[in-house]
Protein chains: 2
Amino acid sequence: MARNYELDDTDRKILALLIEDAKIPYTEIARKVHVSGGTVHVRMARLEELGIVKGATLKLDYQKLGYGVSAFLGIYLLKSSVYASVVEQLREIPEVVSIHFTTGAYGVFARLVCRDTQHLRDVLHDKVQLIEGIERTETLISLEEAMNRAIQLQ
Amino acid sequence: MARNYELDDTDRKILALLIEDAKIPYTEIARKVHVSGGTVHVRMARLEELGIVKGATLKLDYQKLGYGVSAFLGIYLLKSSVYASVVEQLREIPEVVSIHFTTGAYGVFARLVCRDTQHLRDVLHDKVQLIEGIERTETLISLEEAMNRAIQLQ
DNA sequence: GTTGAAAAATTCCGCCG
DNA sequence: CGGCGGAATTTTTCAAC
C-alpha cells in the first residue's frame, strides 16, 4: 500500500516543476529537463497510471473568496470502533476539508474552512455536534495562515 | 485585505470545474458553462489579476512518493512577540508545509510531512527544537489521512 | 461576450540508438 | 525498450466586432 516507486531524476524534476505550476506546457518542461516533449508526456502518463499523480487543482486565495476562517478540530470519540462511521459523517459536511486519524488524545483530527466565525459556529453546532459517536471536540481557530505549500521533493 | 470580490455564477462554475481538474481545456469548460472559450479565458485572466487564482498544482499521493508520515505541531511560544521570527525559522524547514497562527493554548500550529517516523523525529529534534523563541511543542502524528479535498464553492 | 484565425501545445506513432 | 522527432489534432490566445 505504502510502496515506494522507482522514480528517476527526470520524473522528480518534472514533478517539481509541475508542483510549482501545473499549467506550464510539457514542451517547456522538456526544454528545462533536457528531454523531448514526448518523453514528458510518457512519464506523466506513467505517474498517473501508478496513482502518484492524482490530478491537478487550482491554488486559490480563500480569504479573497470569502472563506477567511479556518479551524482545526480535535475530536474525542466515545469509543474507537466508531471511527469509520464518524469519518463518513464528517465527509458529508462540505466545510470539512481534511480528516486525519491521529495519535494522542484525539481520535480524529479535522480541518474546516468557513466564511466567518458565525458560519464556523453554525457548522460546529448544527452539524458536527450532531454526529453519533463523538464525545466532545476542541476547536483551534486559525487567525492567519502564515504559509501553505506543497512538499519539496528531495 | 479580506475583501469579498464580486463573482458571478459563471466565475463560480468555472472555478468549481477547475478545482476538480485544473487541466481540463477552457474550450470544454466553455461548453459546460454555456459561454465561449474567449469568455472563460477573460474570466480566468481577471481572477488571476485579482489574486483569487494564484496558480495550479498537482494532486499527489504522498504515501506513494515515500512521504507517508504527516504530523501536526502545537507550538508554545516563550512570548508572543517572537511569533514573526518563529514563523520565519519554520519556513526554512522544508518538511514544514503549513503554518497557522491560532487561538487557544498554542501560539503557532504547523503541519509537517516526513518520509517516516524516524525522519519526523530527526526534524523535530535537529530543526524544530533549535528554533529560538519556542518554549515547547506537542506533536500529533497522523496515522492516516482519511480525506483531503478543496473547499466546495457554494 | 462572441467570433474567428494565427500561434502554440498536445498527442500519437513510426523510427532509431 | 525507452527516448526522439515530426505531423495531425486540439487548445490557447488575442484582436475586431
Side-chain angles (χ1 to χ4, degrees), chain A residues 2-62 64-66 149-150 152-154, chain B residues 3-67 149-154:
Chain A
R3 274 188 54 206
N4 228 309
Y5 297 87
E6 298 290 327
L7 298 194
D8 67 10
D9 220 49
T10 303
D11 291 319
R12 276 188 294 269
K13 280 180 186 164
I14 293 171
L15 288 179
L17 287 167
L18 287 171
I19 285 170
E20 279 305 305
D21 180 2
K23 296 223 74 176
I24 51 174
Y26 286 5
T27 47
E28 195 179 325
I29 295 171
R31 240 182 300 119
K32 291 187 178 169
V33 180
H34 305 296
V35 292
S36 74
T39 296
V40 177
H41 189 258
V42 169
R43 296 302 186 101
M44 283 303 291
R46 173 174 166 263
L47 290 169
E48 282 172 26
E49 179 65 33
L50 290 172
I52 291 174
V53 172
K54 294 185 287 187
T57 191
L58 294 182
K59 288 187 275 191
L60 297 170
D61 187 323
Y62 291 113
K64 288 183 179 170
L65 273 169
R149 67 183 173 202
Q152 285 144 289
L153 296 181
Q154 273 297 20
Chain B
R3 274 189 54 206
N4 227 308
Y5 297 88
E6 299 290 327
L7 299 193
D8 68 10
D9 222 48
T10 303
D11 291 318
R12 276 187 294 268
K13 281 180 186 166
I14 292 170
L15 288 180
L17 287 167
L18 286 172
I19 287 170
E20 281 302 306
D21 179 3
K23 295 224 73 175
I24 51 175
Y26 286 4
T27 48
E28 193 179 326
I29 294 171
R31 241 183 298 119
K32 290 188 177 168
V33 180
H34 306 296
V35 292
S36 73
T39 296
V40 177
H41 189 259
V42 168
R43 296 303 186 101
M44 283 302 293
R46 174 175 165 262
L47 290 169
E48 283 172 26
E49 180 65 33
L50 290 173
I52 291 175
V53 172
K54 294 184 286 185
T57 192
L58 294 181
K59 288 186 275 192
L60 297 170
D61 187 324
Y62 292 114
Q63 198 94 6
K64 288 182 178 169
L65 273 169
Y67 287 82
R149 66 183 173 204
I151 69 165
Q152 286 143 289
L153 297 181
Q154 273 299 23

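Scope of the values below: all heavy atoms of this structure, side chains included, with no hydrogens, waters or symmetry mates. In the text below, chain A, chain B and the rest are named by the order of the sequence lines, each starting its count at 1.
For A/Arg43, a side-chain nitrogen or oxygen approaches OP1 or OP2 of D/dG3 to under 4.0 Å. Taking only side-chain nitrogens and oxygens, A/Thr39 comes nearer than 4.0 Å to OP1 or OP2 of D/dC4.
Residue A/Arg46 is classed as having no contact, given no heavy-atom separation below 4.0 Å to the nucleic acid. When heavy atoms are screened at a 4.0 angstrom cut-off, A/Val35 is found touching the sugar-phosphate backbone but no base atom.
How far CD1 of A/Ile29 is from CG of A/Asp21: 9.0 Å, rounded to the nearest 0.5 Å. Between the NZ atom of B/Lys32 and the CD atom of B/Glu28 there is a distance of 4.5 Å, given to the nearest 0.5 Å. Rounding to the nearest 0.5 angstrom, the gap separating the CG atom in A/Leu153 from the CD1 atom in A/Ile14 is 12.0 Å. Atom CG of residue B/Asp11 and atom CG of residue B/Leu47 lie 5.0 Å apart, to the nearest 0.5 angstrom. Atom-to-atom distance recorded for B/Leu58:CG and A/Ile52:CD1 is 11.5 Å, nearest 0.5 angstrom.
Rounded to whole Å, atom P of D/dG2 lies 18 Å from atom CG of A/Asp9. Here D/dC1 presents its C1' atom at 14 Å from CG of A/Asp8, a figure rounded to the nearest Å. At whole-Å resolution of the value, CG in A/Asp21 and C1' in C/dA9 are 15 Å apart.
Of all heavy-atom pairs spanning A/Gln152 and B/Tyr67, the tightest one is O-OH, 3.9 Å.
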Next item on the list: Classify every nucleotide of nucleotides 10-17 of chain D by which part a protein heavy atom approaches to under 4.0 Å, writing B for the base, S for the sugar-phosphate alone and - for neither, in 5'-to-3' order.
Entry: -SBSB---

